[in-house]
Structure formats: C-alpha cells, structure tokens
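Report on one structure; see the data block that follows.
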Amino acid sequence: VYNATNPVTETQSLIYNNAIGGGFRSTGTTACGMYLSSSENIGIYFNSINNDSSQGRGIYTLSSSSLLDIRNNSFAFTGSGNGYAAYIQSSASLVANDYNNYFSGTSTNFVYYGADVADLAALQLVGIPVGNDANSLQGDPMYTGIYNLLPFGPQLSDAGTPIAGI
C-alpha cells in the first residue's frame with residue numbers, strides 16, 4: 001500500500017483489513033508493506049503484513065506524515081537481512097499507536113521509532129503518543145504461509161480492541 005500527499009480532511013481516511021505478504025524477496029530494494037509519505041489523518045487498522053525482503057519494513061511512515069492512528073495490526077519482517085517490523089521516522093506523526101504485534105524474525109533490528117528500538121519494552125518507554133504501544137505485543141504471528149496471512153500465533157487471539165465503524 002503506497003499513500004502520498006493525502007490532504008487533511010475532516011473525515012479520516014482508512015486503510016484496513018488488508019493482508020499484504022510475500023513476494024518482496026525479488027524487489028531488489030528496501031521493500032515496504034505499507035509506505036506513507038505526506039499522509040494525513042489516516043486510520044490504519046486490522047492489517048497483517050509479512051515482508052520477506054532482505055532489508056524491508058512492514059510499515060514505513062515518513063516524518064512528513066501526521067495524524068496517523070495505527071492500531072490492531074500485525075507487522076512482521078521475515079526476510080533474511082536486517083529489516084524492521086515497523087519504521088516510524090517521527091513519533092510526532094502519530095495520534096495513536098497501540099494493540100499492534102511486532103515481529104522481526106532473525107533481524108538484529110526490531111522497530112525504528114525516530115531511533116532504533118531494541119524490543120517492545122523499550123518501545124513502550126518512548127511514551128509518544130501517550131500510551132504508545134501499552135497493549136502491543138512482540139511475537140511471531142505464525143502466518144499460515146508467506147502469502148496466506150491467517151495467523152496462528154497464540155498471542156494474537158483476542159488481543160485487539162474494537163474500532164468504531166470497522
């Protein structure tokens with residue numbers, strides 16, 4: 001999913017219920033399951049991403065984005081290199097970020113949140129926005145396959161939170 005230059009509107013734009021996975025291996029670049037640049041007022045909910053490239057990111061948001069609400073997603077990097085489950089250039093672009101699952105496989109990277117973050121405990125200490133990832137999880141979603149993102153990871157069972165209208 002690629003979103004750029006989405007102007008601020010009173011009505012929130014939504015990206016939800018997507019399964020984005022597999023096939024990133026042959027891209028030859030830093031592949032991203034979701035890429036948001038100059039994107040504003042977007043709700044990103046209930047998405048499952050499996051990035052299997054060598055240097056990818058499950059989700060990548062540039063600092064030019066704002067008013068992003070990211071909840072109830074599973075971001076996984078399962079490639080052979082050092083990718084990230086999530087790469088958020090600036091925490092100031094977020095209004096909410098919680099109830100997500102992060103998995104970076106054998107990568108030495110976990111999440112980038114304005115700087116490299118080693119694990120979920122360190123991510124929760126960032127505290128921007130308030131309550132940042134307080135209910136999020138870190139673990140293998142155990143997707144059925146690289147293209148079939150039905151999760152079997154026990155930590156994901158009943159782990160989300162309701163989102164009105166979705």
Side-chain angles (χ1 to χ4, degrees), residues 1 12 14-22 24 30-36 39 42-53 55-61 65 67-166:
V1 173
Q12 183 185 52
L14 299 173
I15 300 172
Y16 66 97
N17 292 339
N18 294 287
I20 304 165
F24 292 101
T30 302
C32 303
M34 254 185 223
Y35 181 91
L36 301 153
S39 302
I42 297 178
I44 301 163
Y45 310 124
F46 303 107
N47 298 287
S48 294
I49 297 175
N50 178 35
N51 191 320
D52 62 349
S53 71
Q55 299 294 322
R57 288 106 167 85
I59 184 172
Y60 185 20
T61 69
S65 296
L67 303 172
L68 301 178
D69 183 350
I70 304 174
R71 291 182 283 162
N72 295 321
N73 301 283
S74 180
F75 302 118
F77 173 78
T78 59
S80 60
N82 285 321
Y84 292 87
Y87 196 99
I88 310 295
Q89 271 193 346
S90 172
S91 58
S93 64
L94 305 173
V95 294
N97 191 40
D98 204 0
Y99 292 93
N100 298 303
N101 181 67
Y102 302 100
F103 179 68
S104 57
T106 59
S107 174
T108 57
N109 299 320
F110 173 60
V111 169
Y112 185 90
Y113 207 76
D116 280 323
V117 178
D119 57 25
L120 182 61
L123 181 60
Q124 291 169 329
L125 289 175
V126 173
I128 301 170
V130 173
N132 171 61
D133 285 302
N135 300 289
S136 289
L137 303 167
Q138 178 179 354
D140 187 349
M142 298 171 58
Y143 293 134
T144 304
I146 62 170
Y147 302 110
N148 182 349
L149 302 189
L150 177 65
F152 283 97
Q155 79 276 11
L156 298 181
S157 181
D158 295 320
T161 188
I163 304 288
I166 309 265

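Just so you know, these numbers use all the heavy atoms, side chains as well, and skip hydrogens, waters and symmetry mates.
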Which donor-acceptor pairs under 3.5 Å do the side chains of residues 78-88 make with protein atoms, sequence neighbours left out?
residue : atom : partner : partner atom : Å
Thr78   : OG1  : Asn50   : OD1          : 2.7
Asn82   : OD1  : Thr108  : N            : 2.9
Asn82   : OD1  : Thr108  : OG1          : 3.1
Tyr84   : OH   : Asp116  : OD1          : 2.6

Item to check | Student check: side-chain heavy atoms of Phe110 and Gln138 closer than 4.5 Å | outcome: yes
Item to check | Contacts of type side chain to side chain contact (heavy atoms under 4.5 Å, CB included), residue Gln155, not counting sequence neighbours | outcome: Asn101, Leu137
Checklist outcome for this item: Contacts of Ser136 meeting side-chain hydrogen bond (donor to acceptor under 3.5 Å, both in side chains) (sequence neighbours excluded), chain-then-number -> Asp133
Checklist entry - For Tyr99, what residues pass the side-chain hydrogen bond (donor to acceptor under 3.5 Å, both in side chains) criterion, not counting sequence neighbours? => result Asn135
Item to check | Spatial distance of atom OG1 (Thr61) from atom CG (Leu94) [nearest 0.5 Å] | outcome: 6.0 Å
With a cut-off of 3.5 Å and sequence neighbours excluded, list every side-chain donor-acceptor pair involving residues 142-151.
residue : atom : partner : partner atom : Å
Tyr143  : OH   : Ser74   : O            : 3.3
Tyr143  : OH   : Ser74   : OG           : 2.9
Thr144  : OG1  : Leu150  : O            : 2.9
Asn148  : OD1  : Leu150  : N            : 3.2

Next on the checklist: The criterion is side chain to side chain contact (heavy atoms under 4.5 Å, CB included); which residues satisfy it with Asn18, sequence neighbours excluded?
Outcome noted: Ile15, Ile20, Asn47
Would you be so kind as to tabulate the donor-acceptor pairs closer than 3.5 Å made by side chains of residues 157-166, with sequence neighbours excluded?
none

Checklist outcome for this item: The side-chain hydrogen bond (donor to acceptor under 3.5 Å, both in side chains) partners of Gln12 (sequence neighbours excluded) come to Tyr45
Checklist entry - Going from CD1 on Ile42 to CG on Leu68, what distance comes out if it is rounded to the nearest 0.5 angstrom? => result 6.0 Å
Item to check | Atom OH of Tyr16 with >12 non-hydrogen neighbours under 6.0 angstrom | outcome: no
Checklist entry - Taking it one step at a time, do Tyr102 and Asp119 satisfy side-chain hydrogen bond (donor to acceptor under 3.5 Å, both in side chains)? => result CA-CA 9 Å; Tyr102 302 100; Asp119 57 25; over 6 Å; no
Next on the checklist: If you define the side chain from C-beta out and look only at heavy atoms, does anything of Phe77 sit under 4.5 Å from Ser53?
Outcome noted: yes
Checklist outcome for this item: So CD1 of Ile59 and CG of Leu36: to nearest 0.5 Å the spacing works out to 5.5 Å
Checklist entry - With sequence neighbours excluded, what pairs up with Asp140 under the side-chain hydrogen bond (donor to acceptor under 3.5 Å, both in side chains) test? => result none
Item to check | Spatial distance of atom CD1 (Ile49) from atom SG (Cys32) [nearest 0.5 Å] | outcome: 9.5 Å
Checklist entry - Under the side chain to side chain contact (heavy atoms under 4.5 Å, CB included) test, which residues partner Ala92, sequence neighbours left out? => result Ser90
Next on the checklist: Please list all pairs meeting salt bridge (charged side-chain N to carboxylate O under 4.0 Å, His left out) that have one or both residues in residues 75-102, counting only residues at least two apart or in different chains.
Outcome noted: none
Next on the checklist: Is the shortest side-chain heavy-atom distance between Tyr35 and Arg57 below 4.5 Å?
Outcome noted: no
Checklist entry - Which pair of heavy atoms, one from Tyr113 and one from Asn132, lies closest together, and at what distance? => result OH-OD1, 2.8 Å
Checklist entry - Of all residues at least two apart in sequence or in a different chain, which pass the side chain to side chain contact (heavy atoms under 4.5 Å, CB included) check with Ala96? => result Asp69, Arg71
Next on the checklist: Rounded at 0.5 Å granularity, tell me how far CG in Asn51 sits from CE in Met34.
Outcome noted: 12.0 Å
